[in-house]
Amino acid sequence: MKEKSGNAYRKKAAICIFAVFALTAVGLLVWGVLLRAELTELKGENSKLSTQLGELDDEKRRLEIELEESTDLAQIEDYARNVLGMQPPESGQIVPIDTAGEDHGELISDSDDSEPDETTEDWISSLPEYFGLG
């Protein structure tokens with residue numbers, strides 16, 4: 001009797017082990033199918049993004065060409081003369097300035113012995129007069 005119950009227990013254990021392996025195998029197959037579906041979806045998205053990247057590269061090239069054309073001095077001059085009605089300056093309108101001298105700055109002392117020429121209140125009160133309102 002004990003042999004029969006031992007054999008029955010072994011059969012049940014073998015069936016349980018087989019069921020666990022079968023369920024694991026089915027789970028792995030389902031997981032593989034889901035991964036394949038996700039991979040297919042990602043490939044489609046990658047293809048769309050590659051197409052979009054190509055279109056954006058084409059637009060970038062077009063805009064760079066447009067920028068180069070818009071900075072063409074001859075074209076700017078033509079637009080200024082013909083569309084805006086501008087004329088070249090007369091000789092008296094051009095005043096050369098000498099930029100050969102050194103730039104310099106002047107530091108103002110923070111000491112109390114020098115008083116400002118004008119206070120903030122004086123400056124604010126002079127604004128209406130400056131703008132012709134006073």
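In the hydrophobic clustering of this structure, Phe131 groups with Ile124; members are Ile, Leu, Val, Met, Phe, Trp, Tyr whose side-chain heavy atoms approach within less than 4.5 Å, directly or through other members.
The side-chain contact (heavy atoms from CB on, under 4.5 Å) test applied to Gln93 returns Pro89, Glu90, not counting sequence neighbours. Every side-chain contact (heavy atoms from CB on, under 4.5 Å) that Leu67 has, sequence neighbours left out, goes to Ser70, Thr71. Applying the side chain to side chain donor-acceptor pair (under 3.5 Å) rule to Arg62 yields the partners Glu66; only residues at least two apart in sequence or on another chain are considered. Applying the side-chain contact (heavy atoms from CB on, under 4.5 Å) rule to Glu77 yields the partners Arg81; only residues at least two apart in sequence or on another chain are considered. By the side chain to side chain donor-acceptor pair (under 3.5 Å) test, Glu59 is found to be paired with no residue, residues two or more places apart in sequence or in another chain being considered. Scanning for side-chain contact (heavy atoms from CB on, under 4.5 Å) contacts around Asn82 gives Asp78, with sequence neighbours left out.
Here the CG-CG distance, from Leu49 to Leu42, works out to 10.5 Å after rounding to the nearest 0.5 Å.
Summarising the hydrophobic clusters (Ile, Leu, Val, Met, Phe, Trp, Tyr; side-chain heavy atoms under 4.5 Å, direct or chained), the residues clustered with Leu34 are Val26, Val30. Grouped with Ile17 in one hydrophobic cluster are Phe21, the linkage being side-chain heavy-atom contacts under 4.5 Å among Ile, Leu, Val, Met, Phe, Trp and Tyr residues. Taking Ile, Leu, Val, Met, Phe, Trp and Tyr as hydrophobic and joining them when side-chain heavy atoms fall under 4.5 Å apart, one finds Trp31 in a cluster with Leu28, Leu35. Leu23 shares a hydrophobic cluster with no other residue; no ILVMFWY side chain has heavy atoms under 4.5 Å from its own.
Sequence neighbours left out, the pairs with a member in residues 38-58 that pass salt bridge (Lys or Arg N to Asp or Glu O under 4.0 Å) are Asp58-Arg61.
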